[in-house]
Amino acid sequence: MAGLRVCSLLVTGANRGIGLGLVQHFLRLPNPPQWVFAGCRDPKGQRAQELQNLASKHPNLVIIPLEVADPTSIKAAAASIEGRLGGSGLNLLINNAGIAKINLLENETLKDMTEIYTTNTAGPLLMGQAFLPLLKKAAQGSPGSELSCSKAAIVNMSSIGGSIASAFGWDLIQATSYRCSKAALNMLTKCQSLAYKEHGVFCVALHPGWVQTDMGSSGGHTPPVTVDDSVKGMLKVLSSLSEKDTGTFLDWEGNVVPW
Ligand code: NDP
């Protein structure tokens, strides 16, 4: 990932799964970012243990309390990160936090549909709004006019499950609320790319593969892709993207995923 050089980034849902893997990879780089902000909704809890251990070894890792379904929490996180950055911008926002429920279509409820949409779709929308000033600042502070993930970018962690064109596997999982939330996240990504282009902010939706995490393994399946391989793949893809790719939907191997 020689091409991806960021001074600062924020990953949401960073205490486990793919989010934690992303944080670990950035910290291990030969030239790690100056700031790695790890959003976590319960920073002092048991589920943040690995993140706390990492933070005790890496002074550039800052754990930020962040509940993406709560606008007040998002605003507080943006203010806290702005303070840490001391006048600099934020290069990369990775909207990774997400939830899923493996409901059969007939068992979907208003509560599940609303909860999943709030976290997976409204969360990234509000995050984009709250962090736009810092992303703009990063874009203005980076040389060159071309959009890129090194300059200023929003990466929305989507899923092939949200692809209408490749909807299949209904026998395995239905998870309609989750699929709808990711299809809507894809549209959000396109809208963000159009609106934020003039501010120098690149936007992309990524499918991380079927990955060995709590979410990936729910339903009793063993996913084929390790967190490590998914994260390495996605960072390689991000490093290769240029302005023409803003507003696209790609997978962890760089393939275009049909909407
Ligand atoms: P996990 O379930 O392993 O982890 C989810 C993370 O999101 C946890 O850190 C969790 O925090 C956090 N989170 C959930 N809700 C919120 C919230 N409201 N506010 C803040 N943080 C929250 O999932 P994965 O790592 O597998 O998934 C990461 C992303 O990748 C998701 O967006 C998912 O949809 C997507 N994805 C995953 C695939 C897979 O195969 N694993 C396939 C396709 C897409 P906490 O510990 O507090 O619950």
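We count ligands from 1, going down the list as the structure has it; atoms in each ligand are counted the same way. Hydrogens, waters and symmetry mates play no part in the numbers below; they use all other heavy atoms, side chains included.
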Looking at every non-hydrogen atom in both residues, tell me the closest pair between Asn15 and Ala48 and how far apart they are. CB-CA, 4.1 Å
Checking contacts here: is it the side chain or the backbone of Val211 that comes within 4.0 Å of ligand 1, counting heavy atoms only? Could be both or neither. both
Quick check on Ser158 - does any of its heavy atoms sit under 4.0 Å from an atom of ligand 1? yes
Closest non-hydrogen contact found for Thr121 with Leu188 is O-CD2, 3.7 Å
Does ligand 1 have a heavy atom under 4.0 Å from the side chain of Thr119, from its backbone, from both, or from neither? side chain
Location of contacts on Leu66 toward ligand 1, heavy atoms closer than 4.0 Å: backbone
Check whether any side-chain heavy atom of Leu9 sits under 4.5 Å from a side-chain heavy atom of Trp35, and report yes or no. no
For Asp214, the atoms of ligand 1 under 4.0 Å from one of its heavy atoms are 3 (O)
Looking only at N/O atoms, are Arg16 and ligand 1 under 3.5 Å apart anywhere? yes
Please determine whether the number of non-hydrogen atoms from other residues, nucleotides or ligands lying under 6.0 Å from atom CD of Glu50 exceeds 12. no
Does Met215 approach ligand 1 within less than 4.0 angstrom via side chain, backbone, both or neither, non-hydrogen atoms only? both
If you measure every N or O of Ile18 against every N or O of ligand 1, does any of those distances drop under 3.5 Å? yes
So which protein heavy atom does atom 47 (O) of ligand 1 come closest to, and at what separation? Arg41 NE, 2.8 Å
Evaluate side-chain hydrogen bond (donor to acceptor under 3.5 Å, both in side chains) for Ser158 paired with Asn186, printing each intermediate quantity in order. CA-CA 7 Å; Ser158 185; Asn186 289 344; 2.7 Å; yes
Within the distance-only criterion (no hydrogens, no angle test), does the side chain of Ser73 pair as donor or acceptor with the backbone N or O of Glu67 below 3.5 angstrom? yes
Give the residue, atom name and distance (to 0.1 Å) of the protein heavy atom nearest atom 42 (C) of ligand 1. Gly209 O, 3.2 Å
Exactly one of Val237, Val225, Leu206 should register a side-chain contact (heavy atoms from CB on, under 4.5 Å) with Trp252. Which one does? Val225
Per-atom contacts of ligand 1 with Gly17, taking only distances under 4.0 Å to non-hydrogen atoms: 3 (O), 25 (O)
Where on Lys182 is there a heavy atom closer than 4.0 Å to ligand 1, on the side chain, on the backbone, on both, or on neither? side chain
Heavy-atom nearest neighbour in the protein, as seen from atom 24 (P) of ligand 1, with distance rounded to 0.1 Å: Thr213 OG1, 3.6 Å
Tell me: protein heavy atom nearest atom 30 (O) of ligand 1, and distance? Met157 CG, 3.3 Å
Can you tell me which residue and heavy atom of the protein come closest to atom 6 (C) of ligand 1, and the distance to 0.1 Å? Gly13 O, 3.9 Å
Got a donor-acceptor contact below 3.5 angstrom from the His207 side chain to the Ile160 backbone? yes
Nearest non-hydrogen contact with atom 21 (N) of ligand 1 belongs to which option: Pro224, Pro124, Ala97? Ala97
At the 4.0 Å heavy-atom cut-off, does Ile99 count as touching ligand 1? yes
Using a 6.0 Å cut-off, check whether atom CG of Leu104 has over 12 heavy atoms from anything other than its own residue. yes
Atom 19 (N) of ligand 1: which protein heavy atom is closest, and how many Å away? Val68 N, 3.0 Å
With a 3.5 Å distance limit and no angle check, can you tell me whether Ser163 reaches the backbone of Pro258 through a side-chain donor-acceptor pair? yes
Just going by heavy-atom distances, which of Pro208, Ser217, Gly216 is nearest to atom 43 (C) of ligand 1? Pro208
Return the closest protein heavy atom for atom 29 (C) of ligand 1 as residue, atom name and distance. Asn96 O, 3.1 Å
Between Asn91 and Cys7 (side chain of the first, backbone of the second, donor and acceptor by atom type, cut-off under 3.5 Å), is there such a pair? yes
Mode of Pro223 contact toward ligand 1 - side chain, backbone, both, neither (heavy atoms, under 4.0 Å): neither
Taking the side chain from Lys190 and the backbone from Gly247, do they hold a donor-acceptor pair closer than 3.5 Å? yes
Distance from atom 5 (C) of ligand 1 to nearest protein heavy atom, with residue and atom: Gly98 O, 3.7 Å
Of the backbone atoms (N, CA, C, O) and the side-chain heavy atoms from C-beta on, which set of Glu67 has a member under 4.0 Å from an atom of ligand 1: side chain, backbone, both, or neither? both
Give yes or no for whether the N/O distance cutoff of 3.5 Å, strictly under, is met between Arg47 and ligand 1. yes
If the contact criterion is a heavy-atom separation under 4.0 Å, does Ala100 count as touching ligand 1? no
Heavy atoms only: give me the nearest Ala205-Thr189 pair and the separation to one decimal. N-CG2, 3.4 Å
Backbone or side chain, does any N or O of Tyr178 fall under 3.5 Å from an N or O of ligand 1? yes
From CA spacing to verdict: side-chain hydrogen bond (donor to acceptor under 3.5 Å, both in side chains), Ser177, Glu108: CA-CA 7 Å; Ser177 48; Glu108 290 288 358; 3.0 Å; yes
Taking the side chain from Lys182 and the backbone from Met157, do they hold a donor-acceptor pair closer than 3.5 Å? yes
Does an N or O from Gly19, backbone or side chain, lie closer than 3.5 Å to an N or O of ligand 1? no
Where ligand 1 meets Trp210 - atom numbers and elements under 4.0 angstrom, heavy-atom basis: 40 (O)
With the 4.5 Å side-chain cut-off for hydrophobic clustering, are Val11 and Met215 part of the same group? no
